[in-house]
Protein chains: 2
Amino acid sequence: MSETLEQSLARAAPDLPPALRAAIAARSRRVRVGDGYRLFGPGDRSENFLIPLSGTVRVEHMGPGGRSVVLYRVAVGESCVMTTSCLLSGADYAAYGYAEGDVEALALPARAFRDLVEQDPAFRSLALGVFSQRIIELVDVIDELLLHRVDLRLAGWLVERGGGEATIGITHQAIAAELGTAREVVSRILKEFERRGWVGLNRGEIRLLDPDALGRFAANR
Amino acid sequence: MSETLEQSLARAAPDLPPALRAAIAARSRRVRVGDGYRLFGPGDRSENFLIPLSGTVRVEHMGPGGRSVVLYRVAVGESCVMTTSCLLSGADYAAYGYAEGDVEALALPARAFRDLVEQDPAFRSLALGVFSQRIIELVDVIDELLLHRVDLRLAGWLVERGGGEATIGITHQAIAAELGTAREVVSRILKEFERRGWVGLNRGEIRLLDPDALGRFAANR
DNA sequence: TGCGCGATGGTGACCAGGTCACAGACCGGC
DNA sequence: GCCGGTCTGTGACCTGGTCACCATCGCGCA
């Protein structure tokens, strides 16, 4: 891959103005990590504005008891603002970022971020848009946690995550982290779904036998 | 009160550069509402960037079942970004804003907000800072909700809210909304605190008899 | 003054979900 | 084929949320 940063960015974020892509590429470095790699976490001081070129970044919060929730995902061409936020507000990180799939990303240093905000109107609206988006997503997470009824949420999550595919490869523990609940709860509910014939269970995988029934069940919320 | 908007803003936000204060004041209108007034809510289309001059604005999220949580408070000189966020990201409101105390505020229309972001570096950093701050606060709320142990959280909340005062005037229902739990739960726990001699209860008020004990209890988290 | 009504608080019964403890199943490497 | 770690299943138990209902208070008003 002898592609320049700018070319990579053009593929990942074709909507950005070319001048902005050039400006970002000029001050970023390329980061490549494998599936599951921890890109950032509490205590790190590597304040970068991350822009995935391939793969996504899962941003999780971990509470004191070790339980965690997925706050949001950073898709290709979007950007993660957690680190930037903490930098700007002076607070410490409250989140971990993990690679999902092999991730290639641009890392724009905090200094360059500030400069671009000053100089480039398109970058400003990009940054503000991303911040807004994250705020909305966080409120959605809060809504989910308040609403609970884990069985309904799990059913909905399965259908959404399945996205037409017949099988989902994931552990119960990982699902628990997605939903902000405990592993045992996920196991119990999945077992119940299996009894009803909605899913088939194997180690590390879930077969969706009746996505429609799951969808209807989830819609009872 | 024949004070100009600019003078009011100078009192509320003395740290802002005078030129920025003038620019904000020039395009804002003054809003005055009484305690408890609903400043915004889902479905409204009055996109304003609110800057309280006196009183604070409580931003609450309400879930489908009618249960609510306080997301954050906007203090004097700060600003609420919920409406702005929704505007920028195209999503619908997920929150209500209520006046706490008699609130006087500047309302800066969305259009003016965008213009100021473009033109004024100080306003840009103000806006980005506020967004960052809110993100951190939302993650804190998520942390609290995950951690639960409502009795510990309630004890901590009482001490913090009391702030040295001997009495807090508030209903159990309102406390439940603060913590994102149910009224009955608050009543039960407060009753237990009363049995232990930590608080005294009267309709609409809570006397803190032993804040130290409450503090120690909360610290067990 | 006393009546009525809405807001507030108290309580018991019950269910959902989280925690703890532990066992069994599976999987890869040696 | 054995052994370790990882993943899953399950029962016992506790906390918290929901529901139903009543008691009490404050206040306006006949």
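Keep in mind that the numbers below use all heavy atoms, side chains included, and drop hydrogens, waters and symmetry copies. Below, chain A is the first sequence line, B the second, and so on; all start at residue 1.
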Side-chain touch [X]/[Y], heavy atoms, less than 4.5 angstrom:
X	Y	result
A:Leu138	A:His61	no
B:Glu192	B:Val199	no
B:Ile189	B:Val150	yes
A:Leu158	A:Trp198	no
A:Asp210	A:Leu214	no
B:Asp102	B:Tyr37	no

Name the residue closer to the 5' end of DNA chain D, choosing between B:Glu184 and B:Ile189 according to the nucleotide with the nearest heavy atom.
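Taking each residue's closest nucleotide, the earlier one in sequence belongs to B:Ile189.
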Both B:Asp151 and A:Glu194 contact DNA chain D. Which one's nearest nucleotide lies toward the 5' end?
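So the residue in question is A:Glu194.
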Residues which pass side chain to side chain donor-acceptor pair (under 3.5 Å) with B:Arg216, listed by chain and number, not counting sequence neighbours:
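By the side chain to side chain donor-acceptor pair (under 3.5 Å) rule, B:Arg216 matches no residue at all.
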Does A:Thr56 have any side chain to side chain donor-acceptor pair (under 3.5 Å) partners at least two apart in sequence or in another chain, and if so, which?
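So A:Thr56 forms a side chain to side chain donor-acceptor pair (under 3.5 Å) with A:Glu100.
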Applying the ring pair (Phe, Tyr, Trp, His ring centres under 6.0 Å) criterion to B:Phe49, which one of B:Phe113, B:Phe131, B:Phe40 satisfies it?
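Per the ring pair (Phe, Tyr, Trp, His ring centres under 6.0 Å) rule, the option paired with B:Phe49 is B:Phe113, out of B:Phe113, B:Phe131, B:Phe40.
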Within 45° of the six-membered ring axis of B:Tyr96 and under 6.0 Å from that ring's centre, is NZ or CZ of B:Arg38 located there?
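Geometry flag: not set, cation outside 6.0 Å or 45°.
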Tell me whether the NZ or CZ atom of A:Arg58 lies within the 45° cone about the ring axis of A:Tyr72 and under 6.0 Å from its centre.
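Not flagged: A:Arg58 not positioned over aromatic ring of A:Tyr72.
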Using a 4.0 Å cut-off on heavy atoms, which residues in residues 196-211 of chain B reach DNA chain D? List them by number, or say none.
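Hits under 4.0 Å, by residue number: B:Arg203.
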Angle of first-five versus last-five pair axes in the helix from C:dT1-D:dA30 to C:dC30-D:dG1, to 10 degrees
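Inter-axis angle at the ends, rounded: 20°.
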Heavy-atom pair of closest approach, residues A:Leu108 and A:Ser28:
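Minimum heavy-atom contact is CD1-OG, 3.5 Å.
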Using a heavy-atom cut-off of 4.0 Å to chain B, what are the terminal contacting nucleotides of DNA chain D, in 5' to 3' order?
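Range of nucleotides touched by chain B: D:dG16 to D:dG26.
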Walking along DNA chain C from 5' to 3', note the first and the last nucleotide with an atom under 4.0 Å from a heavy atom of chain A, and give both.
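Range of nucleotides touched by chain A: C:dG17 to C:dC27.
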For A:Arg183, which contact category applies under a 4.0 Å heavy-atom criterion: base, sugar-phosphate, or nothing?
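Base contact.
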For B:Gln173 and for A:Gly180, find the nucleotide of DNA chain C with the closest heavy atom, then tell me which residue's nucleotide is more 5'.
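Result: B:Gln173.
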Kindly say whether B:Leu106 contributes a backbone atom to a donor-acceptor pair with the side chain of B:Arg29 at under 3.5 angstrom?
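Not at all, since once roles are kept as given, no pair shorter than 3.5 Å links the two residues.
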